[in-house]
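This report refers to the structure that appears directly beneath it.
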Amino acid sequence: CKQHAKNLFGLPQDKRLILFGSYGSNASLNKGFDLLLKALDTFNNPQDNYELVVFGDASKAQFSKLTIPVHFIGHIRNDSRLVALYNAADVMVIPSRQEAFGQVASEAQACGTPVVAFSTSGLKDIIEHGETGYLAQPFNVDDLAAGIKWVLTSKDRVDLSNKAKERALSLIH
């Protein structure tokens with residue numbers, strides 16, 4: 001359950017959590033870290049109740065200019081903790097300019113976490129726009145931000161989560 005997963009990582013229960021995985025990719029232009037920062041820079045209203053959760057290789061300095069709170073989880077070394085982290089999140093953001101397959105997108109959706117990404121490369125095959133997440137116009141940071149906010153404020157979040165899980169399962173069968 002989401003509450004238990006948030007407790008496991010010491011994350012706030014009353015916030016909507018945006019998840020980002022950073023396995024040494026922040027320096028790679030293809031991974032779109034710069035685009036993520038620009039999109040999240042628009043999240044400057046404290047009443048929105050959004051917070052960012054980062055796992056993997058990341059330094060606090062890389063996120064220091066963001067106005068939303070950031071939680072650093074570090075490396076996740078086993079599958080059950082990774083599943084719990086996906087379950088704690090309300091949305092997974094993959095800002096890649098290029099992504100061959102989209103393993104993280106598939107994993108997040110398998111855990112019922114909708115994914116927001118650019119409509120490019122392998123991610124177009126994983127995410128169903130408006131059904132299991134949001135596919136932003138390629139490299140448009142305003143649309144990426146709009147997609148994140150759309151998922152976080154969707155009245156049908158449970159349906160979105162269920163469809164994300166169903167989609168992931170259909171891809172492996």
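Heavy-atom basis, side chains included; hydrogens, waters and symmetry copies ignored.
To the nearest 0.5 Å, atoms CG (L85) and OG (S80) are separated by 11.5 Å. To the nearest 0.5 angstrom, S119 atom OG is 12.0 Å from N140 atom CG. Rounding to the nearest 0.5 Å gives a distance of 10.5 Å between CZ of R167 and CD of E131. For the atom pair H75 NE2 and R81 CZ, the distance stands at 13.0 Å (nearest 0.5 Å).
Nearest approach of K124 to L135, heavy atoms of both residues: CA-CD1, 4.2 Å. Heavy atoms only, all atoms of each residue included: G133 and P114 are closest at CA-CB, 4.3 Å. Closest non-hydrogen pair, D143 versus A136, comes out as OD2-CA, 3.2 Å. When all heavy atoms are compared, the tightest approach of A84 to A5 is O-CB, 3.2 Å.
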Could you check I73 against V54 for side chain to side chain contact (heavy atoms under 4.5 Å, CB included), going step by step and ending with a plain yes or no? CA-CA 6 Å; I73 303 300; V54 179; over 6 Å; no
Check the pair V151 / D90 against side chain to side chain contact (heavy atoms under 4.5 Å, CB included), numbers first and verdict last. CA-CA 8 Å; V151 169; D90 295 288; 5.9 Å; no
Let's go through Y86 and M92 carefully: what are the C-alpha distance in whole Å and the side-chain angles of both, what is the deciding distance for side chain to side chain contact (heavy atoms under 4.5 Å, CB included) to 0.1 Å, and is it a yes or a no? CA-CA 8 Å; Y86 286 134; M92 177 80 210; 3.9 Å; yes
Please test F101 against I126 for side chain to side chain contact (heavy atoms under 4.5 Å, CB included), starting from the C-alpha separation and ending with a verdict. CA-CA 8 Å; F101 169 67; I126 308 281; 4.1 Å; yes
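Each of K163, R157, K155 was compared with D159 under the side-chain hydrogen bond (donor to acceptor under 3.5 Å, both in side chains) criterion, and only K163 meets it.
A side-chain donor-acceptor contact under 3.5 Å links S121 to the backbone of E99. For the pair S22 (side chain) and D57 (backbone), a donor-acceptor distance under 3.5 Å is present. Using a distance-only test at 3.5 Å, with no hydrogens or angles considered, a donor-acceptor pair links the side chain of S161 to the main chain of G112. At distances below 3.5 Å, not a single donor-acceptor pair connects side-chain atoms of D48 with backbone N or O atoms of Y50. Checked by atom type and distance alone, the side chain of K2 pairs as donor or acceptor with a backbone atom of N87 at under 3.5 Å. Put simply, the side chain of N30 never gets that close to the backbone of R97: no donor and acceptor are under 3.5 Å apart. Under the 3.5 Å distance criterion, the side-chain polar atoms of Q3 are left unmatched by any main-chain donor or acceptor of Q13.
For the pair T132 and L160, the minimum side-chain heavy-atom distance is 4.5 Å or more. For the pair K31/P95, no side-chain contact is recorded, criterion being any heavy-atom separation below 4.5 Å from C-beta on. Looking only at side-chain heavy atoms (C-beta outward), V53 and I18 stay at 4.5 Å or farther from each other. Residues L82 and E107 form a side-chain contact, since some pair of their non-hydrogen atoms from C-beta on lies under 4.5 Å apart. Proximity of L123 to F118: side-chain heavy atoms (C-beta onward) are nowhere separated by under 4.5 Å. Side-chain contact between S59 and Q62 is present, with heavy atoms from C-beta onward closer than 4.5 Å. In this structure, V116 and I94 have side chains that are not in contact, with every pair of non-hydrogen atoms separated by 4.5 Å or more. Residues I148 and F43 have side chains in contact (heavy-atom distance under 4.5 Å, counting atoms from C-beta outward).
Between Y134 and H129, the distance separating the two ring centers is shorter than 6.0 angstrom. The aromatic ring centres of F72 and F63 sit less than 6.0 Å apart.
Judged as a side chain to side chain contact (heavy atoms under 4.5 Å, CB included), and not counting sequence neighbours, the contacts of N49 are K15. Among residues two or more places apart in sequence or in another chain, the side chain to side chain contact (heavy atoms under 4.5 Å, CB included) test is passed with A39 by V141, L144, A145.
No hydrogens or angles considered: nothing links the side chains of S154 and D156 as a donor-acceptor pair under 3.5 Å.
A side chain to side chain donor-acceptor pair (under 3.5 Å) check over residues 35-45, counting only residues at least two apart or in different chains, returns nothing.
Hydrophobic cluster membership differs between V91 and V83, with clusters built from Ile, Leu, Val, Met, Phe, Trp and Tyr side chains linked at under 4.5 angstrom.
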